[in-house]
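The structure appears right after this line, and notes come after that.
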2 protein chains.
Amino acid sequence: MLKITRKVEYALIALRHMQSKNVDELTSTKEIANQYGIPQQLLAKTLQQMARDRILEAVQGPAGGYRILAKLDRISLKDFFEKLEGPLGMMDCYFESDCIQISACNIRVPIQRINDNLRNMFTQMTLQEVTQ
Amino acid sequence: MLKITRKVEYALIALRHMQSKNVDELTSTKEIANQYGIPQQLLAKTLQQMARDRILEAVQGPAGGYRILAKLDRISLKDFFEKLEGPLGMMDCYFESDCIQISACNIRVPIQRINDNLRNMFTQMTLQEVTQ
DNA sequence: AATAAATACGACATATTTAATCGTATTTAA
DNA sequence: TTAAATACGATTAAATATGTCGTATTTATT
């Protein structure tokens, strides 16, 4: 429980790598995959998604690659995680209302308390803070 | 990511159920399983583990069952989660040192920052607070 | 003493989720 | 025209979580 996924891991590695370069400089998937021993195809998908989410900018063609597009100090860790993984909650019943046993359930409030604290925490941390 | 497991879910349900009773009163696995629609065998294992962890007290034989043994306001959510699920960290490299690419890894510090915040948060919440 | 109802627990099976790979298309600098 | 890069849906593989089975042990009740 509470494990970070590879997708998020690879995304953080890539961001941190790009942060060590000049802002306009491009980084290819291959470069990162080789340097950190990451499956290239999988990393590619992650970077593509980040480009769709306007965190990165993609440049196609040879000598292409990615560079950081967004202001990382404006993106909370919560938003970052949710962009990559979907809604951030410790239980689905936090979002869905079709739990079969919802009427009998006695821990909705407890779970909500934990969830709220968790979300608060990740809302207060920015990507910049974490990756700088 | 960040999903609570059934084990933890069932443990919370059981605790909350028992909290609504007199402190000495026993609750059987069957009673909880029936009332909340939980697989009895699986719940049984969870309760057995909680008994081993001295959170619950088990009484065997017919008319046996479990009652709350520990002071719930003395148990942090971190300890509770770790008793049930093992070390609480967003990445294993927080605990293990045999990561193959540890030398190339550039996100140990970032991950540690997230981890520390997470652990802090769960250290400050007590089981009592959550389930009361 | 026998029975029945409960906990104890290892081993196995199934389901779900995550991670990785494959194949193909598109873009564009050289 | 070619080669090197991104784009992305489909599939496979691996890992984890969830659930079940079988059997043993304990003990109140009869």
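The sequence lines fix the lettering, A, B, ..., with proteins before strands; numbering per chain opens at 1.
In this structure, B:His17 and B:Ile32 approach most closely via the heavy-atom pair CD2-CG1, 4.0 Å. Across every non-hydrogen atom of B:Met50 and B:Ala14, the tightest pair is CE-CB, 4.4 Å.
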* To do: Could you give me the CA-CA distance, side-chain angles and deciding distance for A:Ser76 and A:Gln124, then say whether side-chain hydrogen bond (donor to acceptor under 3.5 Å, both in side chains) is met?
  => CA-CA 7 Å; A:Ser76 70; A:Gln124 280 161 11; over 6 Å; no
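If you take CD of A:Gln40 and P of D:dA5, they are 8 Å apart, rounded to a whole angstrom. Residue B:Glu57 contributes atom CD, which lies 15 Å from atom C1' of C:dA6 at whole-angstrom precision. Across the protein-nucleic acid pair, B:Ile38 atom CD1 and D:dG19 atom P stand 10 Å apart, rounded to whole Å. In this structure, the CG atom of B:Asn34 is 10 Å from the P atom of C:dA6, given to the nearest Å. The CG atom of B:Asp53 sits 11 Å away from the P atom of C:dC9 (whole-angstrom rounding). Atom CD of A:Glu31 and atom P of D:dA5 are 10 Å apart (whole Å). To the nearest angstrom, P of D:dA4 lies 17 Å from CG of A:Leu26.
Distance from the side chain of A:Arg6 is smallest to C:dA20 among D:dA28, C:dA20, D:dG19. For A:Gln48, counting side-chain heavy atoms from C-beta on, the closest listed nucleotide (D:dA3, D:dC8, C:dA5) is D:dC8. When the nucleotides C:dA8, C:dA5, D:dG19 are ranked by their closest atom to the side chain of B:Tyr10, D:dG19 comes out on top. When distances run from any side-chain atom of B:Gln60 to the nucleotides C:dA20, C:dA8, D:dA28, the shortest one goes to C:dA8. For B:Leu42, the listed nucleotide lying nearest its side chain is D:dT20; candidates were C:dA20, D:dA4, D:dT20.
Residue A:Thr29 has no polar side-chain atom (N or O) positioned under 4.0 Å from OP1 or OP2 of D:dA5. B:Ser28 has no side-chain polar atom (N or O) that falls below the 4.0 Å cut-off from OP1 or OP2 of C:dT7. Phosphate contact (OP1/OP2 of D:dA7, side-chain N/O of A:Tyr66, threshold under 4.0 Å): present. For D:dC8, one of the phosphate oxygens OP1 or OP2 lies less than 4.0 angstrom from a side-chain nitrogen or oxygen of A:Arg52.
Toward the 5' end of DNA chain D, the nearer of the two residues A:Ala58 and A:Lys45, judged by each one's closest nucleotide, is A:Ala58. Toward the 5′ end of DNA chain C lies the nearest nucleotide of A:Gln41, the other residue of the pair A:Gly61 and A:Gln41 mapping further downstream.
Base pairing analysis places C:dG10 opposite D:dC21; the two distances defining the Watson-Crick or G-U wobble pair are each below 3.5 Å.
Checked by atom type, the side-chain pair B:Lys83/B:Gln49 shows no donor-acceptor distance below 3.5 Å.
Remark: B:Glu9 does not engage B:Lys3 in a salt bridge, criterion side-chain N to carboxylate O under 4.0 Å.
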